[in-house]
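In what follows, every chain begins at residue 1, and chains take the letters A, B, ... in the order their sequences are listed.
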Number of protein chains: 2
Amino acid sequence: MAKKPTVYDVAERAGVSIATVSFTFTQPHRVRESTREAVLDAARALGYLPSASARGLARGKTGAIGLFSFDYFGRSSTEAARNAAVRTARGPGQASHDWDSLFSDEANKDFRLFPLYHDEVQRGVEMECRRRGYVLMIGEGHGASTEADIAEIAGRVDGLAVFPNTLPGEILRRISKRIPVVELSNPAEDNRLHRVSVENAGGMALLTEHLIQHHGLRHITFVGPEGSPDREHRFRGYAEAMSVAGLDIRTLPRSGPTDPAADVDRTIHRLRASGHLPQAFVCAVDAEALLYMDALARAGISVPGQVAVTGFDGLVAGLVSRPTLTTIRQPMVELGSTAASILIDEVTKPSPAPVVKELPVKLMVRESCGCGV
Amino acid sequence: MAKKPTVYDVAERAGVSIATVSFTFTQPHRVRESTREAVLDAARALGYLPSASARGLARGKTGAIGLFSFDYFGRSSTEAARNAAVRTARGPGQASHDWDSLFSDEANKDFRLFPLYHDEVQRGVEMECRRRGYVLMIGEGHGASTEADIAEIAGRVDGLAVFPNTLPGEILRRISKRIPVVELSNPAEDNRLHRVSVENAGGMALLTEHLIQHHGLRHITFVGPEGSPDREHRFRGYAEAMSVAGLDIRTLPRSGPTDPAADVDRTIHRLRASGHLPQAFVCAVDAEALLYMDALARAGISVPGQVAVTGFDGLVAGLVSRPTLTTIRQPMVELGSTAASILIDEVTKPSPAPVVKELPVKLMVRESCGCGV
DNA sequence: AGCTTCCATCTATGCGCTTTGATTGAACCC
DNA sequence: GGGTTCAATCAAAGCGCATAGATGGAAGCT
């Protein structure tokens with residue numbers, strides 16, 4: 001690691017001023033061909049690479065977009081996907097703790113075995129950044145990220161995309177005064193950030209209507225972990241479709257994030273005991289649906305024979321599960337690329353008002369609703 | 001986007017010098033409690049965030065690690081995983097072009113549906129970076145990346161991890177003079193980069209021995225796309241195990257990357273016609289194994305009944321395929337975290353010689369070799 | 001020839017921060 | 001009380017680059 005060469009070194013070797021060196025890299029047309037060659041030769045010979053820090057400082061822009069994502073440990077959705085994979089791979093008879101024996105690497109538990117929601121979104125961001133000549137900086141956080149964590153990212157990008165519930169609202173508001181911030185969900189509060197979301201309500205209404213009209217179901221219960229704005233919007237779609245059809249709206253709480261599988265087992269048991277098992281569980285997210293399919297299988301209840309189950313997201317896990325999962329697929333990659341696009345536009349030319357986009361979703365009719373079995 | 005506040009603004013508001021502001025953020029113990037509070041209050045009031053560019057320039061380090069990865073379009077391994085997913089989801093009778101109808105988003109073809117090799121490695125890099133207080137910068141490339149592409153990344157990180165075949169060797173060598181570079185594979189040439197790889201030869205030997213000793217197979221053919229150093233090392237392991245057992249070494253070329261499925265179909269057809277179908281195909285990578293399992297199924301040949309198939313990598317796709325794939329699992333997450341770790345160590349305290357690590361692999365005995373069916 | 005234009009290049013400044021070495025008081029000691 | 005120490009703070013010098021404005025010279029025009 002020899003001392004890093006700078007514009008000064010290149011300029012000296014090429015016999016020009018540093019301005020000329022800078023120009024040959026940033027505005028080649030302003031430099032005569034012959035001198036340009038000389039500069040490039042010198043740069044090559046010295047192994048020169050422009051320092052992004054200096055460049056960013058001088059220009060007042062970094063040329064990078066940040067994505068603030070989850071950290072991956074202990075998230076229940078990840079758990080659910082893990083379990084789904086095990087069930088699929090080993091058949092319903094196998095307990096899910098077999099997982100570790102499949103992939104165990106003592107020092108290296110592998111928590112991430114399906115491309116989940118945020119993975120696909122990240123891919124979209126990457127693609128758009130690349131297309132527009134930006135680079136991507138990845139940060140990870142959890143609700144309680146410290147100021148320092150986030151400054152580490154926010155200080156080095158021109159725009160920031162964040163998943164919901166990864167950063168405290170107050171910090172987000174502060175950051176958004178300096179750089180554009182786009183949030184990837186329906187609004188939890190009116191914080192005037194840029195925003196890209198999907199047709200949560202419309203999609204869920206569509207799905208619910210499918211169960212009502214195509215399958216003639218009437219006892220349909222909505223389930224799913226509370227606390228996310230997306231969940232509320234989806235519930236609204238379900239509720240609307242049920243009202244229109246003159247059906248009762250029913251929803252079940254979840255006691256908590258500890259051992260969700262056992263929690264769902266208890267719920268199923270209680271419902272069956274009281275004779276109130278619904279004809280369908282409409283779940284707020286795929287991960288929850290997989291959890292319910294698992295629990296129903298354990299209880300010896302056939303899906304979709306006795307009870308239908310649906311999800312929302314469109315994870316690959318729902319495509320390889322048995323039965324395959326009827327769900328609403330979000331355009332996750334597009335979600336990411338749209339977010340990046342908004343940010344880059346804002347960097348270039350700020351708009352006075354927050355940009356809000358809602359992307360269409362798509363009903364994926366598969367087996368778990370009772371179709372095609 | 002009001003004018004971004006700087007140390008000067010904070011210093012003025014807090015009634016101190018900029019040095020004191022800097023110290024309260026970087027060496028809090030050096031400033032008196034009361035002034036520290038004053039500075040932090042001022043910073044909060046102004047919405048101050050330190051500029052990473054300025055900081056990087058002043059410190060001579062950026063605090064970021066780069067990962068140079070593939071771009072995702074048109075890669076055959078991705079194709080193979082896609083097809084495996086379809087086969088799994090729809091049963092062997094369904095053609096794989098059904099895929100698009102499953103997930104179609106006109107404007108947004110979704111090429112990335114399983115966590116492939118590089119996804120898992122990336123996760124490892126992310127984890128280690130986070131643990132050590134670095135941020136991650138993602139770049140994507142293809143063999144022909146321009147100098148400018150790569151400078152964009154290399155100029156803004158303290159260390160760079162690269163997948164093999166993503167950057168021309170000469171550029172890599174140049175970059176490695178300025179910042180540590182670690183390559184994620186066995187060496188293609190002796191370029192004196194840092195390196196982390198896995199026991200390619202040993203793992204493949206182990207797998208081959210399993211087929212020979214446990215299943216008593218004797219006609220075993222090695223297949224897999226050429227051109228990667230990893231492939232060569234794996235072939236060596238296979239060849240050694242065969243030699244030790246006194247068996248013939250056989251390998252099949254692949255005609256090219258265009259329509260690999262048809263290519264494999266032809267290969268199978270030709271082998272069967274000539275009566276030389278082997279008892280097992282030992283594949284250099286999981287993706288290739290999935291391709292062979294597909295082709296064999298299309299030809300009406302039972303796996304593992306008539307022919308065994310094995311892979312190498314340990315992708316999730318091989319866990320959900322039918323039959324499940326016997327393979328060698330690489331510790332991919334650990335591969336990534338080790339790479340990041342090497343880089344960060346080098347940034348802190350450069351070592352005189354290239355650091356080379358080889359990680360252990362693990363034999364995953366599943367169904368496609370003939371076990372447990 | 002004398003004028004203007006225009007192009008290629010250079011000089012000089014500043015981007016926001018870190019860090020060294022200097023300065024100032026206050027506390028301490030004999 | 002004079003000298004010593006130490007903690008807290010500050011002034012100033014870069015870090016490597018972009019860029020506005022200055023400069024000089026060649027070409028074009030009358």
query = What is the distance, rounded to the nearest whole Å, between atom CZ of A:Arg59 and atom P of D:dC15?
reply = 21 Å

request  = Could you check whether B:Ser22 gets within reach of a base, just the sugar-phosphate, or nothing at all, counting any heavy atom under 4.0 Å?
outcome  = base

message = Counting only side-chain nitrogens and oxygens, does A:Tyr48 get under 4.0 Å of the OP1 or OP2 atom of D:dC17?
response = yes

query = Distance-only, no hydrogens or angles: does the B:Gln122 side chain make a donor-acceptor pair with backbone N or O of B:Gly336 under 3.5 Å?
reply = no

request  = For A:Glu128 and A:Ser337, work out which heavy atoms get closest and say how close.
outcome  = CG-O, 3.4 Å

task = Select base, sugar-phosphate, or nothing to describe what A:Val31 touches, counting heavy atoms under 4.0 Å on all strands.
result = sugar-phosphate

inquiry  = Rounding to an integer number of Å, can you tell me how far A:Arg30 CZ sits from D:dT19 C1'?
reply    = 8 Å

request  = Give one of base, sugar-phosphate or nothing for B:Ser53, where a contact means two heavy atoms less than 4.0 Å apart.
outcome  = nothing

Spacing of B:Phe23 atom CZ relative to C:dG21 atom P, expressed in whole Å = 12 Å

task = Indicate yes or no for a side-chain donor-acceptor contact from A:Arg174 to the backbone of B:Leu49 under 3.5 Å, with no hydrogens or angles considered.
result = no

message = With nearest nucleotide decided by heavy atoms, which residue, B:Thr35 or A:Leu57, maps closer to the 5′ end of DNA chain D?
response = B:Thr35

request  = Answer with base, sugar-phosphate or nothing: what part of the nucleic acid does A:Val21 contact at a heavy-atom distance below 4.0 Å?
outcome  = nothing

query = With a 4.0 Å cut-off on heavy atoms, is B:Ser51 in touch with a base, just the backbone sugar-phosphate, or nothing at all?
reply = sugar-phosphate

query = Rounded to the Å, how far apart are B:Gln27 CD and C:dT18 P?
reply = 9 Å

ask   = Is the shortest heavy-atom distance from the side chain of B:Asp158 to the side chain of B:Thr62 under 4.5 Å?
value = yes

ask   = Within less than 4.0 Å of OP1 or OP2 of D:dA18, is there a side-chain N or O belonging to A:Arg55?
value = yes

request  = Write down the distance between CD (A:Glu37) and P (C:dA8), rounded to a whole number of angstrom.
outcome  = 15 Å

